[in-house]
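Values below: every heavy atom of this structure, side chains too, minus hydrogens, waters and symmetry copies.
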Amino acid sequence: MKGSKQTKIIIAVVAVFFVVAIGLIATGKIKLSDMMGNTAQGRYTCPAGYVLNGTKCTRTIIVCPSGSVKSGNQCIKKITNYTCPTGYTYYSGGTCRKVSGYTYTCPTGWKKSGTNRCVKNATKIAQCPSGWSNYGTSGVQCATAATAKQSYVCSSGGTLSGKNCIKDATKSISYKCSSGTLSGNSCIKTIGYNQTCPAGFVRSGSTTCRKSATARYTYTCPSGWTKYGSSGMQCIKNANLTTTYSCAQGQLKGSMCIQANKAQRYTCSNGQLSGTSCIINATQQPKYQVIGATATTKTQVVVPSKRYQTIKATRR
């Protein structure tokens, strides 16, 4: 009975121990690994700010976005707003501005006239008749297209026939003997003193007979020409098409007719003609009055990003 009583006491103590341990684990005051005898927790240590995880130490690093600064575990960003008085608009660099007036400028070659106009001399040009236009830089000449006429010519010889040139081919002659020896345009045959000349030959010496050689004619064309006609005694090639110009009035210059005209007028390539002057509006540029803007700054919490750093734990 005594032994049974002691057993019950031991069981009761163990039960109380486990109830207390479960309560401590549930409240986070003790880890289960400590209860199970995790010896690594006792053999390794980490620097301040790191958490031991087995044989390694880990810490969380807070990274703030650009334009913000770290404050504890948060990132803080300062935002500045600028306001301007009535009539002003925000410009830049903490300043406000408003239009206080205007300046007027003229392009190169123009002069200012009055407050907001520019003036320069108009260009004097000839007063050209109908169908004519101004020509050159003198301002007194007019031009129109010359009358064009196309025709065919034989620039390399020959006679024009429609759109072709025709001329005689170059004639050349050669001689041939069917019997005897060719000598110039004759055929020569040698015989004995008492012999007579063959048929067609006549004696031309004590031992020589002669007759006219057979003439053969050939016709050739120059380079670029071809034979023409059934006889082949002519040559042909395309005629050259040329354009000539003429003027009913004025002087021919290339393909234009030019004439002087004393009557003149004024013109403007830019702006409006007024008498002998050209007038345009000057370029308007605003003038500004600049003052400092009113700045108000507020603080805004921004979400940081996190990265983790792991190092080896120090063995005790």
Side-chain angles (χ1 to χ4, degrees), residues 122-189 197-205 208-270:
T123 302
K124 185 186 291 187
I125 60 174
Q127 184 76 41
C128 296
S130 177
W132 294 70
S133 59
N134 293 100
Y135 176 80
T137 58
S138 66
V140 296
Q141 288 184 310
C142 301
T144 189
T147 302
K149 180 181 179 181
Q150 290 186 321
S151 59
Y152 291 92
V153 296
C154 296
S155 56
S156 55
T159 302
L160 182 66
S161 176
K163 298 180 181 179
N164 298 306
C165 298
I166 298 173
K167 69 178 180 177
D168 292 334
T170 301
K171 180 180 178 181
S172 60
I173 187 170
S174 61
Y175 296 95
K176 182 179 181 182
C177 293
S178 59
S179 178
T181 303
L182 181 65
S183 175
N185 59 356
S186 298
C187 299
I188 306 298
K189 204 166 192 180
C197 292
F201 284 83
V202 294
R203 190 176 291 273
S204 62
T208 303
C209 298
R210 179 188 298 271
K211 77 172 182 176
S212 297
T214 302
R216 183 175 62 180
Y217 297 96
T218 57
Y219 298 89
T220 57
C221 293
S223 176
W225 294 71
T226 57
K227 284 188 176 182
Y228 172 71
S230 58
S231 64
M233 297 169 61
Q234 288 184 309
C235 303
I236 190 171
K237 70 177 293 188
N238 291 333
N240 296 322
L241 180 63
T242 61
T243 303
T244 56
Y245 298 92
S246 61
C247 296
Q249 288 181 305
Q251 182 180 359
L252 181 65
K253 187 174 183 179
S255 60
M256 304 291 291
C257 297
I258 310 297
Q259 70 173 355
N261 196 326
K262 293 182 179 180
Q264 293 181 319
R265 65 185 179 89
Y266 292 90
T267 184
C268 296
S269 59
N270 184 22

| remark: When every non-hydrogen atom of Ser246 is compared with those of Cys257, the smallest separation belongs to O-SG, 4.0 Å

| Partner residues of Thr218 under the side-chain hydrogen bond (donor to acceptor under 3.5 Å, both in side chains) criterion, sequence neighbours left out | Ser172

| request: Could you list the residues that satisfy side chain to side chain contact (heavy atoms under 4.5 Å, CB included) with Cys197, not counting sequence neighbours? | output: Ile191, Phe201, Arg203, Cys209

| Spacing of Gln251 atom CD and Gln141 atom CD [to the nearest 0.5 Å] | 9.0 Å

| message | Quick check: do Lys167 and Pro222 have side-chain heavy atoms less than 4.5 Å from each other? | response | yes

| said: Test side-chain contact (heavy atoms from CB on, under 4.5 Å) on Ile125 and Arg265; report intermediate values, then the result. | reply: CA-CA 5 Å; Ile125 60 174; Arg265 65 185 179 89; 3.3 Å; yes

| query | Taking C-beta and beyond as the side chain, do Pro129 and Gln259 meet within less than 4.5 Å on heavy atoms? | reply | yes

| said: Are the side chains of Lys149 and Tyr245 in contact, using a 4.5 Å heavy-atom criterion? | reply: no

| message | On a heavy-atom basis, which atom in Gln150 and which in Leu241 lie closest, and how many Å separate them? | response | CB-CD1, 4.0 Å

| query | Checking side-chain contact (heavy atoms from CB on, under 4.5 Å) for the pair Ser151/Thr242: CA distance, chi angles, key distance, verdict? | reply | CA-CA 5 Å; Ser151 59; Thr242 61; 3.6 Å; yes

| Is a side-chain donor or acceptor of Thr267 paired with a backbone partner of Thr123 at a separation under 3.5 angstrom? | no

| request: For Val153 and Leu160, run side-chain contact (heavy atoms from CB on, under 4.5 Å): C-alpha distance rounded to whole Å, both residues' side-chain angles, the deciding distance at 0.1 Å, then the answer. | output: CA-CA 7 Å; Val153 296; Leu160 182 66; over 6 Å; no

| field | Tyr135 vs Cys142, side-chain contact (heavy atoms from CB on, under 4.5 Å): CA-CA, chis, key distance, verdict | value | CA-CA 5 Å; Tyr135 176 80; Cys142 301; 5.9 Å; no

| field | Partners passing side chain to side chain contact (heavy atoms under 4.5 Å, CB included) against Lys171 (at least two apart in sequence or in another chain) | value | Tyr217, Tyr219

| CG of Asn164 to CH2 of Trp225: how many Å apart, nearest 0.5 Å? | 9.5 Å

| remark: One should read off an interatomic distance between Cys165 SG and Ile236 CD1, to the nearest 0.5 angstrom, of 8.5 Å

| query | Which residues pass the side chain to side chain contact (heavy atoms under 4.5 Å, CB included) test with Ala248, sequence neighbours left out? | reply | none

| message | Taking side chain to side chain contact (heavy atoms under 4.5 Å, CB included) as the definition, give me every residue that meets it alongside Ser230, ordered by chain and number, with sequence neighbours left out. | response | none

| said: Can you list everything that forms a side-chain hydrogen bond (donor to acceptor under 3.5 Å, both in side chains) with Ser155? Sequence neighbours excluded, please. | reply: Asn240

| request: For Ile173 and Ala215, work out which heavy atoms get closest and say how close. | output: CD1-CB, 3.8 Å

| message | Just to verify, what does Asp168 make a side-chain hydrogen bond (donor to acceptor under 3.5 Å, both in side chains) with, not counting sequence neighbours? | response | none

| task | Supply the atom-to-atom distance Ile166 CD1 to Cys154 SG, rounded to the nearest 0.5 angstrom. | result | 8.5 Å

| remark: By side-chain hydrogen bond (donor to acceptor under 3.5 Å, both in side chains), Lys211 pairs with (sequence neighbours left out) none

Per-pair distances, 0.1 Å, donor-acceptor, side chain in residues 181-189, under 3.5 Å, sequence neighbours excluded:
unit_1 : atom_1 : unit_2 : atom_2 : d
Ser186 : OG     : Arg210 : NH1    : 3.4
Lys189 : NZ     : Ser179 : OG     : 3.1

| From Ile258 CD1 over to Cys247 SG, what is the distance, rounded to the nearest 0.5 angstrom? | 8.0 Å

| Do Ser156 and Lys237 have side chains that get closer than 4.5 Å, going by heavy atoms? | yes

| message | Do Tyr228 and Cys235 make a side-chain contact, defined as non-hydrogen atoms from C-beta onward lying under 4.5 Å apart? | response | no

